[in-house]
There are 2 protein chains.
Amino acid sequence: MVTSSAHERRAGARSTYLISMAACPTHRGLDRLGDSWVSLILKELADGPRRHGELARAVAGATQKMLTQTLQALQRDGLVARSVIDSIPPRVEYRLTPLGETLLPVMAMVTEWAERHIGDIDTARATYDSVTSN
Amino acid sequence: MVTSSAHERRAGARSTYLISMAACPTHRGLDRLGDSWVSLILKELADGPRRHGELARAVAGATQKMLTQTLQALQRDGLVARSVIDSIPPRVEYRLTPLGETLLPVMAMVTEWAERHIGDIDTARATYDSVTSN
DNA sequence: CAGAATCCAGGCGGATACTG
DNA sequence: CAGTATCCGCCTGGATTCTG
């Protein structure tokens, strides 16, 4: 099993605070979106279906392992659909499900925010570092 | 140093693919927001300044270590401001910076999406699991 | 009360090799 | 081409203890 987040897992181990956060949808949602390669994959699939190999190239930097793993997680959550056209060689296509498409506007907003403010963050970071560590 | 994301660090280690993702603002933004406790802290600070202890209680489930660590990261990114009113016992207040406040609409949208669709995700997940593992 | 410091298990993700 | 399986180092985050 590849799916449940670190928190879910740990929450299962000890008994406490299941209540306080496990049920928070926002937290859970961000947990998915934050999952390292999700944003890149989603961005790629936003333009239409992609084959496995195409994704591998587009999302360069992701290990093949991570790519498959992430795609499976997205599939499990019903955000991405996988279809096999078995021929030789095999073709596998991934596409957004309708549910997955509802994510695009959200992603767009995050992107807009990030592009607008990433500079401020870098500045703040540089300032903080120079003040702190010298 | 507590700050740089797993990817940044690993990207530094090996030389490849710095190009393809390190610079993507969306990815970087989500990397922050996805940071496990950020959403909960932000949610709390959205209603106004909070003391350390208040946050500790509100974000129950976070270790003291994680709380401090996350707050420092947010501070470094210029999203949260820390002010010390030194008295005995000491008071420390955290509040959103103006930059941090620009995040609230984004968070709101994520929250709305999550609340609306988290059910679908759970359904999809249950279906997937029952099909896969039986 | 706020937080820094240390110790340590367990999980994450990279590299590699192998199947249909 | 698409995907699985195994091995393993490193980082993350929890528990605990100690200051101002």
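Computed from a predicted structure; not experimentally measured. Reminder, nothing fancy here: chain letters follow the sequence lines and each chain counts from 1.
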To the nearest angstrom, the CD-P distance between A/Glu93 and D/dC1 comes to 15 Å
Side-chain donor or acceptor of B/Gln64 under 3.5 Å from a matching atom on the base of D/dA15? no
How close or far is atom P of C/dC1 from atom CZ of B/Arg50, stated in whole angstroms? 17 Å
Of the options D/dT4, C/dG13, D/dG14, whose atoms approach the side-chain atoms of B/Thr63 most closely? D/dG14
Please confirm whether the backbone N or O of A/Leu99 pairs with a side-chain atom of B/His117, one donor and one acceptor, at under 3.5 Å? no
Roughly how many Å is it from CG in A/Asp31 to P in D/dG13, rounded to a whole number? 11 Å
Nucleotide of D/dG13, C/dG13, D/dA2 approaching A/Gln69 most closely (side-chain heavy atoms): C/dG13
Value in whole Å for how far the P atom of C/dG14 lies from CG of A/Leu67: 11 Å
Do B/Leu71 and B/Leu55 make a side-chain contact, defined as non-hydrogen atoms from C-beta onward lying under 4.5 Å apart? yes
Separation of A/Ile88 atom CD1 from D/dA2 atom P, in whole Å? 14 Å
Considering every strand and a 4.0 Å limit on heavy-atom distances, what is the contact class for A/Arg51: base, sugar-phosphate, or nothing? sugar-phosphate
Over how many whole Å does the gap from A/Met66 atom CE to C/dC12 atom P extend? 9 Å
Note: for A/Glu54 and B/Pro90 on DNA chain D, the residue whose nearest nucleotide lies more 5' is A/Glu54
From the list D/dC7, C/dA4, D/dG13, which nucleotide is the closest neighbour of the side chain of A/Lys65? D/dC7
Compare every heavy atom of B/Glu54 with every heavy atom of B/Pro49, then report the nearest pair and how far apart it is. O-OE1, 4.4 Å
Rounded off to whole Å, could you give me the CG-to-P distance for the B/Asp86 and C/dA2 pair? 13 Å
Indicate yes or no: does A/Glu93 engage A/Arg51 in a salt bridge with an N to O separation below 4.0 Å. no
Measure from CD on A/Gln72 to P on C/dG13 and round the result to the nearest Å. 14 Å
Can you figure out which of D/dA2, D/dT6, C/dA2 approaches the side chain of B/His52 most closely? C/dA2
B/Thr68 versus B/Gln64, side-chain donor and acceptor atoms under 3.5 Å: yes
